[in-house]
Protein chains: 2
Amino acid sequence: MEGVEKVRSFNRTVTRRLGVLNERYLGRDRPLVESRLLFEIGAQGAAVRELRLRLGLDSGFASRLLRGLERKKLVRTDPTGADGRVRIARLTRSGLAELERLNSLSDDLARSMLAPLSPDQAQRLVAAMGEVDRLLCASSIEFGEADPRTVDAEGCLQKYYAELAARFPNGFELHADDAPAAEDLLPPAGCMLLVRLFGEPVGCGGIRTLEPGLGEIKRMWLSPRVRGLGLGRRLLAELERTGMARKLRTIRLDTHGSLAEALHLYRACGYREIPRYNANPYAQHWFEKSLS
Amino acid sequence: MEGVEKVRSFNRTVTRRLGVLNERYLGRDRPLVESRLLFEIGAQGAAVRELRLRLGLDSGFASRLLRGLERKKLVRTDPTGADGRVRIARLTRSGLAELERLNSLSDDLARSMLAPLSPDQAQRLVAAMGEVDRLLCASSIEFGEADPRTVDAEGCLQKYYAELAARFPNGFELHADDAPAAEDLLPPAGCMLLVRLFGEPVGCGGIRTLEPGLGEIKRMWLSPRVRGLGLGRRLLAELERTGMARKLRTIRLDTHGSLAEALHLYRACGYREIPRYNANPYAQHWFEKSLS
DNA sequence: ACATATATCTGACTAAAGTCAGATAATGGA
DNA sequence: TCCATTATCTGACTTTAGTCAGATATATGT
């Protein structure tokens with residue numbers, strides 16, 4: 001197959017070019033994991049738990065790495081106020097300086113990729129990299145069921161509410177909403193899907209059962225940074241699939257008139273507008289689709 | 001800077017997506033270097049020397065890796081006929097089977113990058129990857145001085161002669177050519193540049209002194225796989241730079257009428273056609289440029 | 001023939017990156 | 001209050017990926 005061969009050639013070339021980065025360039029006399037850890041801690045600091053998850057480290061290994069960075073006076077770890085078990089790693093003044101140096105080395109690498117090219121080529125390379133970046137993100141997206149009470153799901157829902165509050169002309173209050181309880185979005189009554197990019201939650205969507213055979217889609221949201229990648233369609237299709245698996249024959253949903261991209265998505269995906277079917281004060285449009 | 005930030009984002013995304021490949025995917029219970037070595041040995045086999053150079057391995061380390069693969073019955077190494085010191089590593093039957101598996105895993109990875117996308121997105125991703133691949137190759141090219149008698153330079157020259165023989169209507173015989181001796185392309189008389197892509201020679205160009213202040217460009221060639229990347233211009237500019245460093249004020253060169261891209265390149269780079277200045281039987285056009 | 005260089009190999013050593021078993025302390029729910 | 005869970009930490013161990021110093025055999029130029 002033609003396409004696959006091109007993708008493999010891309011993989012080879014990019015791995016070779018970026019291998020430099022991972023082996024020597026950023027390794028300023030410092031093991032690679034330490035540099036990655038400094039990157040992940042970042043200027044704001046991060047919980048040890050977060051660091052372990054993001055870098056996929058063994059807890060013992062992570063702990064020992066942090067002790068090492070503490071000995072070098074690059075990191076401090078303090079307990080959080082909220083949970084006495086969780087500790088937060090923060091960069092010290094010299095840790096921040098080191099992060100600055102790493103960032104500037106990353107910039108140098110990026111510049112060295114553009115420097116040998118003509119202005120026209122450099123511009124085309126940046127454009128093509130942007131395209132690959134976006135489409136590779138789209139292809140790396142994973143959908144998975146999640147309990148709406150977990151931290152990740154809760155975080156998405158909070159961002160969803162915040163966006164509604166910002167976009168609705170008269171704001172948004174959760175208690176006035178026809179809010180589904182957590183159990184409504186859990187099997188067997190319904191289900192919630194989380195959208196993840198490299199493990200990080202970037203969107204969500206839930207489906208609940210209104211009556212046997214009739215479901216409703218709620219809480220569908222995608223982070224602004226992953227919009228325009230065709231994920232709305234994919235998330236909707238995933239939700240419909242889980243609906244079908246739960247023997248739903250019809251799906252309904254409602255939305256506000258100010259959410260133009262949502263209206264467009266529902267129409268494009270075969271939803272037809274129907275009369276008001278609920279008392280949701282924020283709903284202005286009601287849709288329905290039969291699952292074949 | 002806008003472009004640099006986009007390049008860095010690309011680097012992050014691609015590293016994360018391809019990290020899977022380098023850490024676990026191809027590591028089917030086998031250290032990464034071993035897999036890379038199997039890849040490099042390939043179906044035809046390769047000299048140990050070649051493998052060390054291509055993968056940048058310490059000679060002792062390479063030797064021990066090969067012994068390990070031999071113990072696992074994946075590789076055989078035999079002496080070459082030509083040079084009693086050089087040994088060639090070849091894959092055994094089960095080594096070939098393992099290479100097949102690695103290739104099919106690479107294909108799977110490539111397919112998994114395209115699978116979640118819509119046909120239109122997949123096509124755009126392949127196109128953008130092709131563009132990045134080509135331009136990243138262009139930006140990874142390195143120019144370096146080389147002795148024309150080394151294996152790498154000799155290899156480029158042979159391919160250059162072979163191409164002339166194929167393209168000239170009446171063929172090409174080296175002895176009939178106004179061939180520069182090796183010393184003519186070595187300091188102080190002249191110099192030869194090799195074009196390398198990830199260390200591998202993909203082109204060459206030489207400059208010799210005809211008389212004080214007057215130089216001539218000879219043996220300029222680029223491998224077909226790196227054509228169309230604007231490297232002709234860059235190689236020519238590099239040669240002119242070394243000419244200037246050697247106090248040349250004027251550069252001449254000749255070429256055959258069937259080498260259309262060469263004619264176009266010279267004209268575009270400020271060379272103007274002059275009358276015949278030598279007895280080269282294969283020359284049909286003569287050019288000159290003053291180095292400012 | 002002789003010095004020098006090249007290709008490979010062996011053995012001893014090291015650093016980086018992790019794995020695993022269990023200890024300790026705080027949290028959350030019954 | 002008790003019990004299971006979670007977050008972190010410590011110590012012992014392993015694998016991976018090298019580096020370095022030399023040994024050996026072959027090739028090459030003078």
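Being a predicted model, the structure only gives us computed values, none of them experimental. Quick note on labels: first sequence line is chain A, next is B, and so on, each numbered from 1.
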For atom [atom1] of [X] and atom [atom2] of [N], their distance in whole Å:
{"X": "Ile88(A)", "N": "dC9(D)", "atom1": "CD1", "atom2": "P", "answer": "13 Å"}
{"X": "Asp147(B)", "N": "dT6(C)", "atom1": "CG", "atom2": "P", "answer": "12 Å"}
{"X": "Leu53(B)", "N": "dT6(C)", "atom1": "CG", "atom2": "C1'", "answer": "12 Å"}
{"X": "Phe61(A)", "N": "dA16(C)", "atom1": "CZ", "atom2": "P", "answer": "11 Å"}
{"X": "Arg87(A)", "N": "dT27(C)", "atom1": "CZ", "atom2": "C1'", "answer": "17 Å"}
{"X": "Leu55(A)", "N": "dT8(D)", "atom1": "CG", "atom2": "P", "answer": "14 Å"}
{"X": "Leu57(A)", "N": "dA7(D)", "atom1": "CG", "atom2": "C1'", "answer": "15 Å"}
{"X": "Arg149(B)", "N": "dT6(C)", "atom1": "CZ", "atom2": "C1'", "answer": "17 Å"}

Practice item. Tell me what Gly60(B) touches on the nucleic acid: a base, only sugar-phosphate, or nothing, going by heavy atoms under 4.0 Å. Key: base
Side chain of [X], backbone of [Y]: donor and acceptor closer than 3.5 Å?
{"X": "Arg90(A)", "Y": "Asp78(A)", "result": "no"}
{"X": "Thr209(B)", "Y": "Gly215(B)", "result": "no"}
{"X": "Thr80(B)", "Y": "Asp83(B)", "result": "yes"}
{"X": "Arg16(B)", "Y": "Phe198(A)", "result": "no"}

Exercise for review: Check DNA chain D against residues 65-72 of chain A and give the residues with a non-hydrogen atom under 4.0 Å, in numerical order.
Suggested key: Arg67(A)
**Study point:** Thr77(B) side chain reached by Glu70(B) side chain, heavy atoms, under 4.5 Å
**Key:** yes
Revision key, fill the gap. Taking for Asp58(A) and for Val86(A) the nucleotide of DNA chain D with the nearest heavy atom, the one nearer the 5' end belongs to Val86(A)
[options]: which one has an atom nearest the side-chain heavy atoms of [X]?
{"X": "Asp83(B)", "options": "dA16(C), dC9(D), dT26(D)", "result": "dT26(D)"}
{"X": "Arg64(A)", "options": "dT19(C), dA17(D), dT10(C)", "result": "dT19(C)"}
{"X": "Val33(B)", "options": "dG18(C), dG18(D), dT8(D)", "result": "dG18(D)"}

Revision key, fill the gap. In this structure, CG of Leu193(B) is separated from CE of Met220(B) (nearest 0.5 Å) by 10.0 Å
Point to revise | Distance-only donor-acceptor check, side chains Ser35(B) and Arg30(B), under 3.5 Å | key: no
Point to revise | Ser63(A) side chain to Arg67(A) side chain, donor-acceptor N/O pair below 3.5 angstrom | key: yes
Exercise for review: Compute the angle between the rotation axes at the two ends of the helix from dA1(C)-dT30(D) to dA30(C)-dT1(D), each taken over five pairs, rounded to 10 degrees.
Suggested key: 20°
Exercise for review: Tell me whether the OP1 or OP2 atom of dA7(D) has a side-chain N or O from Arg49(A) closer than 4.0 Å.
Suggested key: yes
Review point. Does Arg52(B) place a side-chain N or O at less than 4.0 Å from the phosphate oxygens OP1/OP2 of dT8(C)?
Key: yes
Point to revise | side-chain contact (heavy atoms from CB on, under 4.5 Å) evaluation trace for Arg17(B) with Ser139(A) | key: CA-CA 10 Å; Arg17(B) 189 61 151 95; Ser139(A) 103; 3.4 Å; yes
**Study point:** N/O donor-acceptor pair, side chain Arg85(B) with base dT6(C), under 3.5 angstrom
**Key:** yes
Point to revise | Within 6.0 Å of NZ in Lys72(A), more than 12 heavy atoms from elsewhere | key: yes
